[in-house]
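Here is the structure we will look at, set down as structure tokens.
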Protein chains: 2
Amino acid sequence: MTNGGRKKATIYDLSVLSGSSPSTVSAVLNGTWRKRRIRESTAELIRSLAETHQYTANRQARGLRSSRSGLVGLLLPVHDNRYFSSLAQTFEAHVRSKGQCPIVVSASRDPEEERRTAETLISYSIDELFICGATDPDGVHEVCEAAGLKHINIDLPGTKVPSVISDNFEGGRILTEAIIRHFPADRPLAPEDLYLFGGRDDHATRERIRGFRAAKKELLGGDPDECVWPTGYAADNARKAFDAFYEQRGKLPRGFFVNSSINLEGLLRFMAEHPLENFKDLVVGCYDYDPFASFLPFPVIMIRQDVEGMIARAFEVIEGPRASVQIHLVKPRLVPPRTALTGPLDALIDSDMPR
Amino acid sequence: MTNGGRKKATIYDLSVLSGSSPSTVSAVLNGTWRKRRIRESTAELIRSLAETHQYTANRQARGLRSSRSGLVGLLLPVHDNRYFSSLAQTFEAHVRSKGQCPIVVSASRDPEEERRTAETLISYSIDELFICGATDPDGVHEVCEAAGLKHINIDLPGTKVPSVISDNFEGGRILTEAIIRHFPADRPLAPEDLYLFGGRDDHATRERIRGFRAAKKELLGGDPDECVWPTGYAADNARKAFDAFYEQRGKLPRGFFVNSSINLEGLLRFMAEHPLENFKDLVVGCYDYDPFASFLPFPVIMIRQDVEGMIARAFEVIEGPRASVQIHLVKPRLVPPRTALTGPLDALIDSDMPR
DNA sequence: AGTCATTGCACCATCGATTGTGCAAAAAAA
DNA sequence: TTTTTTTGCACAATCGATGGTGCAATGACT
């Protein structure tokens, strides 16, 4: 170890060692040295000193001076969910490929927490913020705007900056249609056999419900109002809804549309207390894809949102010039039961294994 | 908006507005003002100015001066997996409760990337680093050590600082035992019917394999060497292993132990191409818990690592004085088939729903 | 040899907050 | 009233990197 094991080397240390000024060292190490007409040999010397002393720039200092940090933030509702975690995974890869540092934080769908978290990130001078699934995107916008921070909405739209979201209407429609068509012609679904559980009063849920209703009306010719049960994005609330339904009718609906895999976990909690027989003749549609859920012991039709597409689009838009406040719809994909799709992890190689 | 909408207010702005010096403003706003004997009324004035001008401290500046940032890092192998995402979720809650800002980053199980990422985090002067599931914990240690950064290992142990990990031997043992016992006495498992797939050459896998062998030897009286197939932590490699096995024998083993839910996804990929009949008389054990996987159409016995316990323990240890280099084992829990456990998300309330 | 352009770098202010030190004014003690 | 103590704050250095500006030394050219 060239270093006693303690304090990090600074440009001042290298300046002394190399006999050059700090500004010269700085220029060499941040790449602007040609512009400053530093001699190649000087640069070489400094570079080698930096190498042997394991110099790395203090980014707080750099960020303070340049009011940029190299950090790009992703504000998430929660981590512990395959949809959001695959967003995080994909986001990281994109940010890394631009040579910046991703920083992913969750705010629990709490508008207050969202704003506070954005404030915090801003206080670290992050360069851009991707606001994903925020309960109050425009609230977060306010604080970004006040700080002059570039930002964009994902998953749930705001009205102040561009948004990249799933085509939830279309997704809801095709999912509903797929549920309906999954029943055999000789035992077709009645309008009152098909329910929607989950979601809250947000743009995504509203659009999905619109798609749900449109498909029901078109294919089943009816759409009783009581067929929509919002439960919030919480597994246990969904479980309670299933319990209540079961309590009332002695069975579950033959088909239902579950809004988000978080709510589908509520179905698992229900299942745990009921014999598998109760789930014969059941078809579930879930808006969100989870590979394990796709193989449950009854047909589960899922919607996989195009995470890669959304992230890629969001980067295009945020990078692009003067983006107009517009909602960019990204088509989601219908996933038939028993389907194992690849995900962002498949792009990684296992450095421990041959090939 | 009191602010034109652009640059953030600084202590210098407030200093001018209040007629006090920047240092007074600073002291008032960071809480050290009593120590500096600032008059209550002065403090009050400054606080109200800060309020109306929406002052927030520039943490890069603060961090530069104090060489602390208020950031606490979690280095993860990947995001897109329920085990790691629940770790992230739990970690965030802990860090938040200490008034700091969590920053979660993944490094893809690549030793190079791990060190680079640690370097990057260090360059932002993070205050502590939790190194989770690192392929080369001691490598990361080196860079932390050189920067004088407090750190600790989770999930996979290193030899230079304390580690908090699952009791993988015991977990592997009880999981194996549960698989064996799940078969009825009249059609018991033979030693060559029970395989282990997945994992790589890391501490966790080795320990689990040790537990696997121990249980087999004890309960089945045998343990052929070819019953262990490491595949790395990649779904597709696991699928290939299943394919290969199936190719050779025309069936899957009656029972198997899958190391990590990532590899269990490989089983899904295999399943997608085979009729469900092939999975009769099959019992799977998986080291890791995923709620959906627990309800697959054949018995899946899972191990849930005690994420909350590990994180809590890790914070205790890292906060504690002069922790000795020691491995702290946290007992994991056996989860029978068809079990829906609650997770970190259940601690959140849905602000959009009543109650 | 004298003028001018180019090269190669040093100097210094700056980003925003923190903190040790110093000192005038007010209050208390003598 | 004078001396001492306390109060309340201002000053200035500092953290590490950046980038505008200035200037000596060298080379090119007449």
Side-chain angles (χ1 to χ4, degrees), chain A residues 6-46 50 53-70 119-120 122-125 127 147-148, chain B residues 6-46 50 53-71 119-120 122-127 147-148:
Chain A
R6 224 34 349 161
K7 298 302 292 168
K8 308 220 58 169
T10 71
I11 53 171
Y12 298 96
D13 301 331
L14 298 184
S15 140
V16 171
L17 292 167
S18 69
S20 316
S21 75
S23 60
T24 297
V25 175
S26 170
V28 167
L29 296 173
N30 70 25
T32 60
W33 59 283
R34 303 213 88 98
K35 206 166 55 193
R36 281 177 166 275
R37 301 182 315 227
I38 307 292
R39 206 186 308 158
E40 176 69 48
S41 64
T42 309
E44 192 47 57
L45 168 63
I46 291 174
H53 289 79
Q54 308 197 64
Y55 170 85
T56 49
N58 179 323
R59 309 225 192 183
Q60 304 220 53
R62 171 185 296 172
L64 175 57
R65 184 62 232 262
S66 58
S67 66
R68 310 189 75 257
S69 65
E119 284 285 10
T120 303
I122 287 169
S123 73
Y124 290 109
S125 306
D127 298 336
Chain B
R6 228 26 356 155
K7 299 302 292 168
K8 308 222 58 171
T10 71
I11 53 170
Y12 297 95
D13 301 331
L14 298 183
S15 140
V16 171
L17 290 167
S18 68
S20 316
S21 75
S23 59
T24 299
V25 175
S26 170
V28 167
L29 297 174
N30 70 25
T32 60
W33 58 284
R34 303 212 87 98
K35 203 167 55 194
R36 283 176 165 274
R37 301 184 313 228
I38 308 293
R39 204 186 310 161
E40 175 69 48
S41 66
T42 308
E44 193 45 58
L45 168 63
I46 290 174
H53 292 270
Q54 310 196 61
Y55 170 85
T56 49
N58 180 323
R59 310 224 191 182
Q60 304 220 50
R62 169 184 298 172
L64 175 57
R65 184 59 231 261
S66 57
S67 66
R68 309 189 77 256
S69 65
L71 296 170
E119 284 284 10
T120 303
I122 287 169
S123 72
Y124 290 109
S125 307
I126 60 171
D127 299 336

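Since the model is a prediction, treat every value here as computed from it, not as a measurement. When reading the values below, keep in mind they use all heavy atoms of this one structure, side chains included, and skip hydrogens, waters and symmetry mates. Order of the sequence lines fixes the chain letters, A, B, ..., with proteins taken first and strands second; residue numbering starts at 1 for each chain.
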Would B:Leu17 and B:His53 satisfy side-chain contact (heavy atoms from CB on, under 4.5 Å), going step by step from the backbone distance to the final call? CA-CA 10 Å; B:Leu17 290 167; B:His53 292 270; 3.6 Å; yes
For B:Ser21, give me all partners under side chain to side chain contact (heavy atoms under 4.5 Å, CB included), at least two apart in sequence or on another chain. B:Ser23, B:Thr24
Between A:Lys8 and B:Glu119 (salt bridge meaning N to carboxylate O under 4.0 Å), is one present in this structure? yes
What pairs with A:Arg62 under side chain to side chain contact (heavy atoms under 4.5 Å, CB included), at least two apart in sequence or on another chain? A:Asn30, A:Ala57, A:Ser66
Between C:dC9 atom P and A:Leu45 atom CG, what is the distance in whole Å? 10 Å
How close or far is atom P of D:dG16 from atom OH of A:Tyr55, stated in whole angstroms? 10 Å
Mind calculating the distance between OH (A:Tyr124) and P (C:dA17) to the nearest angstrom? 13 Å
Whether B:Ser69 side chain and B:Ser125 backbone form a donor-acceptor pair below 3.5 Å: yes
Is the phosphate of C:dT18 approached by B:Asn30 (side-chain N or O, under 4.0 Å from OP1 or OP2)? yes
Examine D:dA17: is either OP1 or OP2 under 4.0 Å from a nitrogen or oxygen in the side chain of A:Arg59? Give yes or no. no
Between B:Arg65 and B:Arg36, name the one whose nearest nucleotide on DNA chain D is closer to the 5' end. B:Arg36
Taking for each residue the nucleotide of DNA chain C with the nearest heavy atom, is it A:Thr42 or B:Ser66 whose nucleotide lies nearer the 5' end? A:Thr42
Interface residues of residues 11-25 of chain B with DNA chain D (non-hydrogen, below 4.0 angstrom): B:Gly19, B:Ser20, B:Ser21, B:Ser23, B:Thr24
Can you tell me the distance, in whole Å, between the CZ atom of B:Arg39 and the C1' atom of C:dA27? 13 Å
I want to confirm an ordering. Mapping A:Leu64 and B:Arg37 to their closest nucleotides on DNA chain C, which one lands closer to the 5' end? A:Leu64
Calculate the interatomic distance between A:Trp33 atom CH2 and D:dG19 atom C1'; express it in whole Å. 18 Å
Spacing of A:Arg34 atom CZ relative to C:dC9 atom P, expressed in whole Å: 13 Å
Could you point out which residue of B:Ile46, B:Val25, B:Asn58 forms a side chain to side chain contact (heavy atoms under 4.5 Å, CB included) with B:Ile11? B:Val25
To the nearest Å, how far apart are A:His53 NE2 and D:dG16 P? 16 Å
Heavy atoms only: give me the nearest A:Arg59-B:Tyr124 pair and the separation to one decimal. CB-CE2, 3.5 Å
A:Ile38 atom CD1 is separated from C:dA10 atom C1', nearest whole Å, by 10 Å
